[in-house]
Amino acid sequence: MRVTVFGAGAIGGYVAAKLGITGAVDLSIVARGAHLDAIRDSGLRLIEAGKETSTQVRAAAQAEELGVQDYVVLALKAHSLAPALDQIAPLLGPNTAVVTMQNGVPWWYFYKCGETLEGTRIDAVDPGGMIWRGIGPERVIGSVVYPAVEVEAPGLIRHVEGTRFSLGEPSGEKSDRVIRLAAELVKAGLQSPVRDDIRSEIWVKLWGNLSFNPISALTGSTLATIVGDDATRALARTMMLEARAIGESLGVRFPVSVDRRIKGAGDVGEHKTSMLQDLERGRPLEIDALVTAVQELGRLTGHSTPTIDIVLALVRRLARERGCYS
Ligand SMILES: NC(=O)C1=CN([C@@H]2O[C@H](COP(=O)(O)OP(=O)(O)OC[C@H]3O[C@@H](n4cnc5c(N)ncnc54)[C@H](OP(=O)(O)O)[C@@H]3O)[C@@H](O)[C@H]2O)C=CC1
Ligand SMILES: CC(C)(CO)C(=O)C(=O)O
């Protein structure tokens, strides 16, 4: 099984390191810059549960060096995907499956969704439908990423917590390709349940990201602090209720209450969301996949999002001032 992880940063690097340690798949990564140089020099290093491992993995700067794959794991930040389409193309053959390991509303959301909006492109994450055309939604295996992972230094991945990568076909089918991939991830020591309704799980994760991430960027606060403060907790809750109305109108089942989801986020503790971490590092923020796309889905389904709109306006303004959003 030929597997390439494109964008082997924190999440992609973790998946690649785990698959590499098992050695059961023909594994490659595409990376760039100092990170790529370090992986070529010293292997892909992973610190997990206090133990460091290093895996020699085929690491390419250009996908042409690797050719057509059985699976391509896309572990880029959502905004990095459109600019990378030409670089990803050489990995794709007629039977290549593409696994989207990203937070937020995925660009393929309305593929085989069984809704009246079937085939709708979401401009916030797929401007002009260029990703839909460039990758093809029929290749997609959806994913929900739970682990917290960081790139501590070039070539060095630090696992913080969590091992679950839920997978699911957009159609909900338990296809051979998704079952085979899940089996490899499990062999590598990860949890990989195959879902028949991956969109509902995407929404439960998104629920936290669309509210806590921009609030944390705006306030500089950790999850525990946002949840512990009555006013910011209420703000997150209002955003989540606006989002739930949109999700439910799209057929999403929320298996937990909004208050339980908020408690779960608070229990993570004094943790800075990825959006706050990106802001502090001056890196582009994933505003569009996490927040703008939800606003767009609100417009598509006829739901107003007054609180999401305000928070979105503020976090965009902040990110523009800091050069982290264009
Ligand atoms: N990290 C985490 O704990 C979690 C992350 N997620 C989600 O997972 C997704 C990935 O996040 P994360 O792993 O943190 O992000 P990272 O920024 O750590 O990793 C993305 C990697 O892709 C690389 N990249 C971007 N464009 C290209 C390109 N054209 N060619 C080669 N490499 C490229 C980046 O390189 P460069 O650094 O040079 O830009 C970086 O190494 C996001 O959607 C995030 O929200 C979800 C749950 C938890
Ligand atoms: C920690 C959490 C769950 C915040 O919603 C997250 O996914 C992130 O930081 O992006």
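In listed order, ligands and their atoms are each counted from 1. In what follows, every heavy atom counts, from backbone to side chain, and hydrogens, waters and symmetry copies are set aside.
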Contact (N/O only, under 3.5 Å) between [X] and ligand 1:
X	answer
Gln87	yes
Val149	yes
Ala10	yes
Asn103	yes
Glu286	yes
Gly12	no

Side chain proximity check, [X] to [Y], heavy atoms < 4.5 angstrom:
X	Y	answer
Met239	Ile215	yes
Phe212	Ile262	yes
Pro284	Lys77	no
Leu81	Leu74	yes

| field | Pair Glu321-Arg317, salt bridge (charged side-chain N to carboxylate O under 4.0 Å, His left out): steps then yes or no | value | CA-CA 6 Å; Glu321 293 293 340; Arg317 189 65 258 141; 3.1 Å; yes
| With a cut-off of under 6.0 Å to the ring centre and 45° to the axis, is Arg164 in cation-pi contact with Tyr146? | yes
| request: Give a yes/no verdict on a cation-pi contact between Arg121 and Trp132, requiring under 6.0 Å between NZ or CZ and the six-membered ring centre and an angle within 45° of the axis. | output: yes
| request: Verify whether one side chain among Thr4 and Gln69 offers a donor that lies under 3.5 Å from an acceptor in the other. | output: yes
| task | For the residue pair Glu169 and Ser175, confirm or rule out a side-chain donor-acceptor distance under 3.5 Å. | result | yes
Can you name the atoms of ligand 1, numbered from 1 with element, that are less than 4.0 Å from a heavy atom of [X]?
X	value
Ala84	29 (N)
Val145	46 (C), 47 (C)
Gln102	43 (O)

Quick one: does [X] get a heavy atom under 4.0 Å from ligand 1?
X	value
Pro147	yes
Gly33	no
Glu150	no

Heavy atom under 4.0 Å from ligand 1: found in [X]'s side chain, backbone, both, or neither?
X	answer
Ser274	neither
Lys205	side chain
Phe6	side chain

| field | Val30 and Gln87: CA distance, side-chain angles, deciding distance, side chain to side chain contact (heavy atoms under 4.5 Å, CB included) verdict | value | CA-CA 9 Å; Val30 178; Gln87 295 166 269; 5.8 Å; no
| said: On a heavy-atom basis, which atom in Pro306 and which in Ser304 lie closest, and how many Å separate them? | reply: CD-C, 3.4 Å
| Heavy-atom proximity to atom 41 (O) of ligand 1, best of Ala148, Gly104, Gly9 | Gly9
| note | Nearest non-hydrogen contact to atom 8 (O) of ligand 1 from the set Arg32, His35, Met101, Arg281 belongs to Met101
